[in-house]
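These figures come from a predicted structure and were not determined experimentally. Within every chain, numbering begins at 1; the chains are lettered A, B, ... in the order of the sequence lines, protein sequences first and strands thereafter.
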Amino acid sequence: MSILVDRSTRLVVQGITGREGAFHAGQMQAYGTNVVAGVTPGKGGQSALDGSVPVFDTCADAVRETGANTSVIYVPPAGAPDAILEAVGAGIRTVFCITEHIPALEMMKVVAEVDRLGARLVGPNCPGATSPGKAKVGIIPGSIHLPGRVGLVSRSGTLTYEVVQAMTDAGIGQSTCVGIGGDPIAGSSFIDILSLFRDDPETEAIVLMGEIGGDAEERAAAWKQEHLPKTPMVAFIAGRTAPPGRRMGHAGAIISGSGGTAQSKIAALEAAGIRVADSPTQIPALLREAGVRPS
Amino acid sequence: MSILVDRSTRLVVQGITGREGAFHAGQMQAYGTNVVAGVTPGKGGQSALDGSVPVFDTCADAVRETGANTSVIYVPPAGAPDAILEAVGAGIRTVFCITEHIPALEMMKVVAEVDRLGARLVGPNCPGATSPGKAKVGIIPGSIHLPGRVGLVSRSGTLTYEVVQAMTDAGIGQSTCVGIGGDPIAGSSFIDILSLFRDDPETEAIVLMGEIGGDAEERAAAWKQEHLPKTPMVAFIAGRTAPPGRRMGHAGAIISGSGGTAQSKIAALEAAGIRVADSPTQIPALLREAGVRPS
Amino acid sequence: MKLQEYHAKTLLARAGLPVPEWAVASSPGEARLQAETFLARGAGKVVIKAQVLVGGRGKAGGVKLAASGAEAERVAGAILGMDIKGIVVRRVLVAPAAEIEREIYLAAVLDRTERKILLMGSAEGGVEIETLAEERPDAIVRIHAHPHLGLLDWQARKLAFALGLGDHLKAAVAIAQGLQRVMVENDADLVEVNPLALVRETGPDGTPVLTLQCLDAKVTIDDSALSRHPGLEAMRDLDEEDPIDIEARRLGLSFIRLEGSIGCMVNGAGLAMTTMDLVKRAGGSPANFLDIGGGARSEKVANAMRLILAEPSVKAILVNIFGGIARGDEVARGLVEARSQQTRDVPMVVRIVGTNADLAAGILADAGGGIRTAQSLDEAVEMAVAIARSAEA
Amino acid sequence: MKLQEYHAKTLLARAGLPVPEWAVASSPGEARLQAETFLARGAGKVVIKAQVLVGGRGKAGGVKLAASGAEAERVAGAILGMDIKGIVVRRVLVAPAAEIEREIYLAAVLDRTERKILLMGSAEGGVEIETLAEERPDAIVRIHAHPHLGLLDWQARKLAFALGLGDHLKAAVAIAQGLQRVMVENDADLVEVNPLALVRETGPDGTPVLTLQCLDAKVTIDDSALSRHPGLEAMRDLDEEDPIDIEARRLGLSFIRLEGSIGCMVNGAGLAMTTMDLVKRAGGSPANFLDIGGGARSEKVANAMRLILAEPSVKAILVNIFGGIARGDEVARGLVEARSQQTRDVPMVVRIVGTNADLAAGILADAGGGIRTAQSLDEAVEMAVAIARSAEA
């Protein structure tokens with residue numbers, strides 16, 4: 001097993017005719033993901049990926065014609081909130097939004113509606129998820145993965161790749177790697193993903209990649225202690241040396257006042273029995289110390 | 001048993017210090033309803049009904065201090081939609097809105113939120129509900145009732161009283177009488193109330209009081225045929241002689257085009273095995289013919 | 001409240017929807033002037049449309065084309081003053097006639113069952129939507145707007161594609177969302193554009209272009225919301241209303257004049273309709289529908305009685321009050337007050353039961369002669385019908 | 001983006017919130033004139049407040065009262081030009097000094113955990129809310145607005161009662177809902193009024209009246225939404241910004257200048273912070289934070305390189321790219337382009353892995369000298385730190 005994406009994933013790519021959408025649709029298909037449809041309003045009837053994927057005007061058409069059950073969104077910020085609502089409105093239950101720079105208050109309205117419909121959104125401004133050897137959805141490079149039994153969840157994008165690469169180099173495979181994105185309003189939290197890992201018999205250990213700002217890491221630590229007391233877990237926090245009060249690249253990475261510092265997060269994680277690495281490259285060693293064996 | 005209101009009802013009256021609120025709060029208390037609180041913003045700390053009922057500034061205060069579980073609203077139309085949202089926001093699960101002349105599009109927003117919270121709204125522009133001998137909430141005169149085993153649901157107000165009086169005069173008691181109101185957007189439909197009666201072992205027969213306009217009676221007939229095939233049911237439709245295209249008093253009572261006529265409703269009800277009375281006073285006789293015995 | 005086409009178009013145009021320019025004339029000369037202006041600006045013809053709130057004006061000859069100012073004057077002269085289903089035409093709308101490539105039906109309506117705003121469209125416009133709904137329901141596209149977020153972009157696109165407007169996606173989306181917005185901003189029950197048309201025009205470079213335009217518009221406002229839209233209340237066409245309706249509205253009464261001889265005063269619409277039904281069933285004929293509403297005070301009751309008596313054909317009055325939120329004593333006091341001011345002696349049958357019925361009985365008894373009382377509805381109806389019959393005999 | 005107090009007050013006043021009148025002066029003489037106007041209109045004193053985006057201006061002496069025009073000129077003269085936490089004061093706000101009966105704290109903020117707008121209030125205003133939140137969390141009232149319907153009337157009333165504003169219910173409700181509306185309409189992250197004050201004034205009949213007024217205001221705008229609010233972008237205070245920040249924003253880069261010697265260019269905020277952390281851990285010091293973002297094209301990379309090189313203290317450059325949405329070859333092309341235009345010869349360590357890393361390696365190899373490549377992040381960091389150290393030695 002694995003979480004979120006696997007061999008049963010039937011993926012529709014919203015924005016498949018754009019530069020990013022087309023490129024990553026190809027990468028996902030090449031990895032083995034079952035890309036069943038694309039959506040670009042006004043380009044219905046065309047096809048993408050050398051004729052292998054039909055393009056539809058609407059998500060509803062894509063779902064009806066191809067049985068798509070998962071969506072990934074590469075649509076510019078002005079259209080992305082609507083693209084999410086279109087996907088869930090068409091009955092898609094799992095949506096990944098890669099788009100960055102969506103206004104937070106737009107997302108606030110969108111997540112309320114996604115929740116009401118009982119669907120799951122990962123992102124926005126996230127790299128997606130990969131279940132190695134099964135399927136990848138998003139922009140995480142497929143080559144860095146190794147199938148295995150460690151689940152990874154991260155607020156960062158490229159930092160995630162770094163750690164996954166290190167794990168793979170050390171022979172430690174992954175069940176599923178999920179980037180939840182660093183935006184202020186996100187569809188899925190650390191805890192949402194940890195709950196999925198808890199229910200996945202294939203995931204035996206977890207890596208959590210956090211960063212400064214907010215209190216999501218502290219909350220995740222408390223949740224882990226209560227709900228996953230026996231699962232080995234290691235973590236990393238980016239931004240130990242970041243100057244306070246400045247926004248580091250995306251909205252998530254800002255320290256205001258005394259909360260949200262790397263120190264407070266590391267203390268909370270360690271208090272919950274989670275080892276915290278000093279460098280991403282230390283993660284494989286900490287996993288091994290926690291009892292994880294190479295795949 | 002009974003539905004919606006009974007001896008476990010702990011009622012908060014929103015707008016208790018107004019003319020209607022004060023009068024009917026007294027009537028409800030005199031009937032035996034457990035009126036535990038009133039709410040009028042700015043009058044918290046006062047009391048109503050000769051000092052027997054505390055008045056609070058907010059529903060939340062009323063719920064916390066008195067354990068109120070049901071609300072009835074006598075607030076002018078400009079404030080009534082908010083009063084409904086306040087009640088459900090305070091955790092009250094059953095709300096009756098007596099207020100009339102609330103704009104339909106205001107109610108549209110309200111019912112969506114009430115549904116989302118899983119609460120139940122009856123009304124607006126409804127007379128409320130009485131479970132004879134147990135509790136009455138709203139404005140139905142208490143004196144007309146007789147405890148028994150016939151459930152009644154109606155889109156009208158005073159027409160309901162007429163039928164209840166006729167039933168009581170004939171010795172046929174009621175389990176619960178519910179007026180759902182005739183406004184275009186209502187919290188509860190015929191079918192919502194029929195579902196409650198289905199699950200109430202004390203209700204052995206049902207009276208449905210409909211009127212021209214819309215297709216609620218046709219839908220109720222189809223539902224009854226499928227879900228309550230064995231329960232005796234009789235009906236009445238007001239407006240057989242109403243001229244088409246004119247609005248009769250409240251928004252519900254208008255016939256447009258070929259739909260919504262008394263004829264189409266009567267045909268649908270009879271096709272579902274429901275006897276339709278020519279006059280409200282015939283209802284007791286039809287109930288007896290359907291096997292209902294005097295209480 | 002129904003709005004005249006020219007008012008409905010004003011609301012649409014205000015919301016940024018594409019409505020071709022128009023003018024309103026109440027005399028043939030005015031229509032000529034307006035037609036000449038449009039023709040001078042390049043219109044091939046103008047259309048002249050009767051402004052009445054009843055349907056079927058086209059079939060009745062209330063919509064005509066004109067190719068010149070003189071013809072416009074003649075046509076407008078024929079339409080103005082015309083009687084369409086009992087309504088005298090007092091105004092015509094004058095507009096450039098469009099070259100229509102295709103007609104589409106599009107409307108936003110309140111769906112009572114789903115409790116949402118429903119966008120209804122059909123690729124076949126210019127039709128009666130009720131007929132289409134019965135004969136070929138599949139030809140109608142239905143999309144419910146989100147109750148809080150409105151018609152979402154994707155919903156509007158879905159509607160546009162389903163109506164075959166994929167080549168005019170942006171315009172169609174804007175129009176669909178515009179109808180929903182006009183509905184919400186004005187508390188309308190209905191905002192209908194029929195036809196929404198693909199109109200052939202000549203572009204700046206001389207090549208033909210197709211644009212979507214709202215050629216007709218129908219808007220109905222939720223009466224319960226009029227108090228918060230004074231600008232819409234001002235659009236009410238009092239000319240087309242029965243003066244007694246205007247008076248009833250002023251008094252806060254729900255009143256409809258009918259043809260019969262028995263004046264009815266009832267509280268509650270359902271009971272009022274039932275009372276009318278029973279009067280008919282007993283062989284009588286109601287002179288009106290009148291719901292005095294919940295919680296009516298004595299003054300309102302007295303006003304209602306004056307409205308009933310204003311109708312000379314009324315031979316008997318039937319008062320049927322089942323007290324709930326209305327209290328019997330208030331009604332009785334109103335009746336006695338009205339009776340005392342009454343110039344015409346019409347027999348009155350009064351039935352008051354429910355809240356404070358005992359007090360009401362006392363008040364009526366003290367008032368003395370001319371008021372007969374009844375206990376049951378059937379009895380009251382029979383008494384009133386008998387009185388009316390003997391008065392007419 | 002943080003707004004200056006006078007801009008924040010403009011947004012509040014536009015939304016109909018009660019903000020006492022104010023003026024902005026950039027010279028002592030201007031401040032005197034404005035003070036004289038307020039004093040002439042009846043103010044007992046005026047308050048003169050430094051307009052800077054850093055906190056603690058009160059403690060720093062940036063807020064003072066004045067009772068005459070001359071005093072206002074003197075006070076403004078002292079504040080203008082003052083250095084508050086590294087920012088030079090260029091403008092002061094002048095306003096009538098209020099007679100404060102009670103101070104309240106009220107703010108609308110984005111709650112990331114609940115994913116809703118949170119209204120936070122405290123009956124004790126004028127305080128540091130962070131301090132209060134830590135010391136006495138119960139003294140803070142919290143109410144989440146509905147994500148679609150906004151701050152409902154009952155929520156605003158509940159907030160008002162909890163803040164002890166039951167005697168000013170209508171005003172308090174309007175202000176609470178106004179803050180939420182200002183937040184939504186301007187895509188703000190934070191709208192804070194501290195203090196919201198009960199101000200003593202004299203009514204038209206000479207009796208004292210208490211009114212609620214927003215005496216200070218702080219607004220922060222969501223950077224992701226600025227493109228749809230050109231009017232807010234125009235409120236940006238460029239005077240208070242580092243010119244290199246202005247240039248970085250123009251180039252669409254996320255750049256923060258630091259004190260060190262190793263220029264960093266990374267894709268992704270998390271990886272960029274981690275790279276900085278590792279540089280520090282290896283004994284080096286980063287000269288900047290720079291996230292070139294996802295999908296950066298070669299031109300953007302070249303621009304980023306120019307920003308780094310603008311800092312004379314930079315002795316080594318560390319490029320760390322893990323390709324995902326960004327493609328290694330694009331970055332490599334940008335580096336080569338920047339290198340070819342570069343006037344200053346700073347050694348560069350480049351690590352490009354992930355998407356199209358193979359193509360990148362080829363491009364860098366073809367470009368020849370001056371660019372050192374590394375495979376692992378640790379290795380790249382060590383190389384860069386070693387280079388910087390030898391250059392500084």
Side-chain angles (χ1 to χ4, degrees), chain B residues 12-15 17 37-46 54-65 68 71 73 75-92 95 97 99 102-103 105-119 121 185, chain D residues 16 102 104 106 108 111 113-123 137-181 184-185 196 198 209-212:
Chain B
V12 52
V13 179
Q14 293 178 256
T17 57
V39 168
T40 299
K43 300 204 173 168
Q46 302 185 7
V55 178
F56 298 93
D57 282 325
T58 69
C59 272
D61 288 347
V63 168
R64 194 185 53 244
E65 299 296 323
S71 161
I73 293 170
V75 167
D82 181 67
I84 297 169
L85 293 177
E86 177 170 10
V88 297
I92 290 172
V95 179
C97 183
T99 311
I102 301 176
L105 294 181
E106 280 295 305
M107 281 312 302
M108 175 182 78
K109 290 185 208 162
V110 169
V111 297
E113 180 63 4
V114 171
D115 282 0
R116 193 183 68 84
L117 294 172
L121 170 67
I185 304 290
Chain D
R102 219 186 106 200
I104 297 120
L106 191 59
D111 181 333
T113 305
E114 292 293 321
R115 305 184 306 180
K116 288 176 184 164
I117 292 174
L118 172 65
L119 272 284
M120 275 203 309
S122 166
D138 288 355
I140 299 180
V141 185
R142 292 164 211 268
I143 290 183
H144 287 97
H146 190 286
H148 299 156
L149 300 173
L151 188 69
L152 303 168
D153 292 350
W154 70 266
Q155 296 184 304
R157 287 198 303 270
K158 191 174 170 185
L159 188 64
F161 285 120
L163 295 176
L165 293 174
D167 290 342
H168 303 269
L169 192 58
K170 220 175 144 184
V173 163
I175 291 169
Q177 292 184 324
L179 293 195
Q180 194 270 347
R181 227 171 43 244
V184 169
E185 286 171 5
L196 171 66
L198 270 177
V209 286
L210 288 178
T211 59
L212 272 173

Looking at [atom1] of [X] and [atom2] of [Y], how far apart are the two atoms once the value is rounded to the nearest 0.5 Å?
X: D/Leu210; Y: D/Leu165; atom1: CG; atom2: CG; answer: 11.0 Å
X: D/Leu212; Y: D/Ile104; atom1: CG; atom2: CD1; answer: 5.5 Å
X: D/Met120; Y: D/Ile143; atom1: CE; atom2: CD1; answer: 12.5 Å
X: D/Ile140; Y: D/Leu163; atom1: CD1; atom2: CG; answer: 11.0 Å
X: B/Glu113; Y: B/Ile84; atom1: CD; atom2: CD1; answer: 12.0 Å

Heavy atoms under 4.5 Å from chain B: which residues of residues 144-158 of chain D carry them? D/His146, D/Leu149, D/Leu152, D/Asp153, D/Trp154, D/Arg157, D/Lys158
Mind checking which of residues 168-180 of chain D sit less than 4.5 Å from chain B, heavy atom to heavy atom? D/Leu169
Would you say B/Glu86's side chain and B/Cys59's backbone share a donor-acceptor pair under 3.5 angstrom? yes
Quick check against the 3.5 Å criterion: does B/Thr99 have a side-chain atom that pairs as donor or acceptor with the backbone of B/Val75? yes
Please enumerate all residues that pass side chain to side chain donor-acceptor pair (under 3.5 Å) together with B/Asp115, with sequence neighbours excluded. C/Arg115
Winner by heavy-atom pair count (cut-off under 4.5 Å) against chain D, out of B/Thr58, B/Asp57, B/Asp61: B/Asp57
Step by step, would you call B/Cys97 with B/Val110 a side-chain contact (heavy atoms from CB on, under 4.5 Å)? CA-CA 12 Å; B/Cys97 183; B/Val110 169; over 6 Å; no
Where at least one partner belongs to residues 137-152 of chain D, residue pairs that pass salt bridge (charged side-chain N to carboxylate O under 4.0 Å, His left out), sequence neighbours excluded: none
